[in-house]
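The chain is numbered in sequence order, starting from 1.
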Amino acid sequence: MVEDALRPMNRQRLYEQVLERLRAYVEEGGLKAGDRLPTERELAQRLGISRASVKQAIVVLEVQGLVEVRQGGGMCLLRDSLDTEPVERLVERRRRLPDVLDAREALETKLAELAAERRTDDDLIALQQALHWMEDEIESDRHGVEGDRRFHAAVTAAAHSPLLAEFMRSIADQISESREESLRQPGRPRRSLDQHQRILDAIAERRPKAAAAAMRRHVRTVAQVRLLNWNPDEAP
């Protein structure tokens, strides 16, 4: 319709402008991972805006694993730049994440149950190797993303259900997003590793209900991410 051409224009959110200023500040100052940024209060004063707008920008940086907020309001860079994901893409990820997590809980809980009933000795070896891989990653100060992927793939394989495995493959990209989102949370890699061990123990002992319950608890932990608590359109 002709009227659609005159629909309201999008305005850049104030916190998006803050992100641009911070990115330039880090680049021009040659700051690197481990360096500190000004506090929330200092940023608000220097930019001449409300602390609420600064806080929204900081949440975006935290969600993407670019900064860590320290007690007392200071921030520490976790990477050598603040090259953020476009906000609209972040908004889209936030929109679809609950559906992905619902699907994961439904599918992976059943897969864990079946794995406890059907697993072979070779399946157990694959599960144990995945746990060792993830532990090595964590010990090397990484998030354990590859080990996590291998573990869940091994659970799927141990269930010996071709159709459920096909369903998992069909949402592999979305699962990968949820995995990386979860493992960026402070302390989450080690917690996930411990939960994987409990899932493995139940599968090894052929306890289907316990395996399903352990997987359900794990996926619900995965759902506890900062991104879902962020409201991109909240007015400062």
Honestly curious: do [X] and [Y] fall in one hydrophobic cluster under the side-chain, below-4.5 Å linking rule?
| X | Y | answer |
| --- | --- | --- |
| Leu77 | Val59 | yes |
| Leu227 | Ile175 | no |
| Ile171 | Leu114 | yes |
| Leu61 | Tyr15 | yes |
| Val69 | Val60 | yes |

Between [atom1] of [X] and [atom2] of [Y], what distance do you get to the nearest 0.5 Å?
| X | Y | atom1 | atom2 | answer |
| --- | --- | --- | --- | --- |
| Leu193 | Arg198 | CG | CZ | 10.0 Å |
| Leu111 | His160 | CG | NE2 | 11.5 Å |
| Lys110 | Leu107 | NZ | CG | 11.5 Å |
| His143 | Ser192 | NE2 | OG | 11.5 Å |
| Glu177 | Arg93 | CD | CZ | 5.5 Å |
| Ile199 | Asp194 | CD1 | CG | 11.0 Å |

Indicate yes or no: at least one non-hydrogen side-chain atom of [X] is less than 4.5 angstrom from one of [Y].
| X | Y | answer |
| --- | --- | --- |
| Gln64 | Leu90 | yes |
| Phe151 | Met134 | no |
| Val155 | Met215 | yes |
| Glu108 | Arg216 | no |
| Met168 | His152 | no |
| Leu200 | His196 | no |
| Arg41 | Arg51 | yes |
| Asp201 | Gln197 | yes |

Treating [X] as the side-chain partner and [Y] as the backbone partner, does any N or O pair qualify as donor plus acceptor under 3.5 Å?
| X | Y | answer |
| --- | --- | --- |
| Asp80 | Lys32 | no |
| Arg118 | Ala158 | no |
| Asp102 | Asp99 | no |

Show the nearest heavy-atom pair for residues [X] and [Y], with the distance to one decimal.
| X | Y | result |
| --- | --- | --- |
| Pro98 | Arg95 | CD-O, 3.5 Å |
| Leu183 | Arg188 | CA-CG, 4.1 Å |
| Val18 | Ala57 | CG1-CB, 3.6 Å |
| Val222 | Ser182 | CA-OG, 3.6 Å |
| Val145 | Arg179 | O-CD, 3.5 Å |
| Ala116 | Ala202 | CB-O, 4.1 Å |

Is there a donor-acceptor contact under 3.5 Å linking the side chains of [X] and [Y]?
| X | Y | result |
| --- | --- | --- |
| Ser176 | Asp173 | no |
| Ser178 | Arg104 | yes |
| Glu27 | Ser81 | no |

Using 4.0 Å as the upper bound for N to carboxylate O, is an ion pair formed by [Y] and [X]?
| X | Y | value |
| --- | --- | --- |
| Glu92 | Arg96 | yes |
| Arg190 | Glu139 | yes |
| Glu113 | Lys209 | no |
| Glu40 | Lys55 | yes |
| Arg46 | Glu42 | no |

Qualifying residue for side-chain contact (heavy atoms from CB on, under 4.5 Å) with Val54, from Ile49, Leu22, Thr39 = Ile49
message = Please evaluate residues Leu66 and Asp83 with respect to the criterion side chain to side chain contact (heavy atoms under 4.5 Å, CB included), reporting the C-alpha separation (whole Å), side-chain torsions for both, the decisive distance (0.1 Å), and the verdict.
response = CA-CA 8 Å; Leu66 297 173; Asp83 290 331; over 6 Å; no
query = Any chance CZ of Arg21 has more than 12 other-residue heavy atoms, nucleotides or ligands included, within less than 6.0 Å?
reply =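 Counting other residues, nucleotides and ligands, CZ of Arg21 stays at 12 neighbours or fewer.
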key: More than 12 heavy atoms from other groups under 6.0 Å of CD on Glu117   =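 Yes, CD of Glu117 has more than 12 neighbouring heavy atoms, counting only those of other groups under 6.0 Å.
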request  = Quick one: do Leu43 and Leu37 satisfy side chain to side chain contact (heavy atoms under 4.5 Å, CB included)? Show the steps, please.
outcome  = CA-CA 9 Å; Leu43 287 171; Leu37 292 172; 5.7 Å; no
